Amino acid sequence: MALSLLLFGPYSLLLTPYQLKGEAVARVAVNVDHVATLRQARRASEPDPVTAAALAELAGAQGIVVHLREDRRHIQDRDVEILRRTVKTKLNLEMAATEEMVKIALRLKPDVVTLVPEKRQELTTEGGLDVVFYEESLKEVIKALHEGEIAVSLFINADPNQIKSAHRLESDYVEIHTGTFAEAATFSRRQEEFERVLTAVKLARKLGLGVHAGHGVDYRNVLWLRKIAEIEEFSIGHSIIARAVLVGIERAVQEMIALVNG
Ligand code: PXP
């Protein structure tokens, strides 16, 4: 609380109308894709997302997340291979549920695979994976990953039907898509979306699923989300890396961790 007051002034108090818990203790997992995006802008060797991941961990990050996209637009196979050997916390590999990606995951054995939808034209992952629609085909993918002793998370919209389907699929975690909440333009829209996320998180926990949250989480809106005690991990990329460019990754990670646990 003290840090949020320092960073954002008394307004931060107005941003947290929900007192759902006293002390939040959620993990912050840092997505380093954007570091690779900068490197790929020049097809150079720097900045290296592997170095960024190590620095993020030294600053207290409790997980490292990378999205190996089909078009390899940022993270490269080499990055995931090295990260698998160097990440000291937990490596979470975001990927599409394709044969190619499943093969890579089974070879590299990240701690967690987060299955996401993927379209070539999108700037970033635009919506949750429709696990209701793809339930049959996802069964095989999840079974294969579990046989490889890899935990599975499904990135889904805050929708009860998606959560029930994730439960039927015996997923270990769901990652609730917080993008719509993050982009809400008005206070009342944000409250509405917050309620949707809250309901989804509660249902997921009730069904025994571990709960992660991600997409669009930043240094301001995390003041809302941290009130949801059942969120055990935040997966955060853009806001942390954007801040890191200006203040350094150590400070950017530490400030986010302080807010999440404030
Ligand atoms: N979670 C998932 C499944 C994502 O695809 C992304 C974007 O790569 C994130 C979290 C992180 O989102 P952001 O970069 O907006 O923090």
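Just so it is clear, the model here is predicted, and its values are computed rather than measured. Indexing begins at 1, ligand by ligand and atom by atom, following the structure's order.
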Point to revise | Between H34 and H238: side-chain donor-acceptor atoms closer than 3.5 Å | key: yes
Check your understanding: Which of the numbered atoms in ligand 1 are below 4.0 angstrom from a heavy atom of E175?
Key -> 1 (N), 2 (C), 3 (C), 10 (C)
Point to revise | NZ/NE/NH1/NH2 to OD/OE distance under 4.0 Å, E100 and R72 | key: yes
Check your understanding: Which of the atoms in ligand 1, numbered in the order shown and given with their element, are less than 4.0 Å from a heavy-atom of H238?
Key -> 13 (P), 14 (O), 16 (O)
Exercise for review: Name the option, out of G214, S235, S239, P117, that contains the heavy atom nearest to atom 11 (C) of ligand 1.
Suggested key: S235
Point to revise | Residues D79 and H74: side-chain donor-acceptor under 3.5 angstrom | key: no
Check your understanding: Side-chain donor-acceptor pair under 3.5 Å between E135 and S165, yes or no?
Key -> yes
Point to revise | Lys/Arg cation over aromatic F234: R27, 6.0 Å, 45° cone | key: no
Exercise for review: Would you mind listing which atoms of ligand 1 come within a distance below 4.0 Å of any non-hydrogen atom of N31?
Suggested key: 8 (O)
Review point. Can we say K202 and E230 salt-bridge, meaning some charged N sits less than 4.0 Å from an Asp/Glu carboxylate O?
Key: yes
Review point. Against heavy atoms of G237, which atoms of ligand 1 measure under 4.0 Å?
Key: 11 (C), 13 (P), 14 (O), 16 (O)
Review point. Which atoms of ligand 1 have any heavy atom of E94 under 4.0 Å away?
Key: 1 (N), 2 (C), 3 (C), 4 (C), 5 (O), 6 (C), 8 (O), 10 (C)
Practice item. Flag I236 as yes when one of its N or O atoms lies below 3.5 Å from any N or O atom of ligand 1, and as no otherwise. Key: no
Review point. Which atoms of ligand 1 have any heavy atom of V116 under 4.0 Å away?
Key: 3 (C)
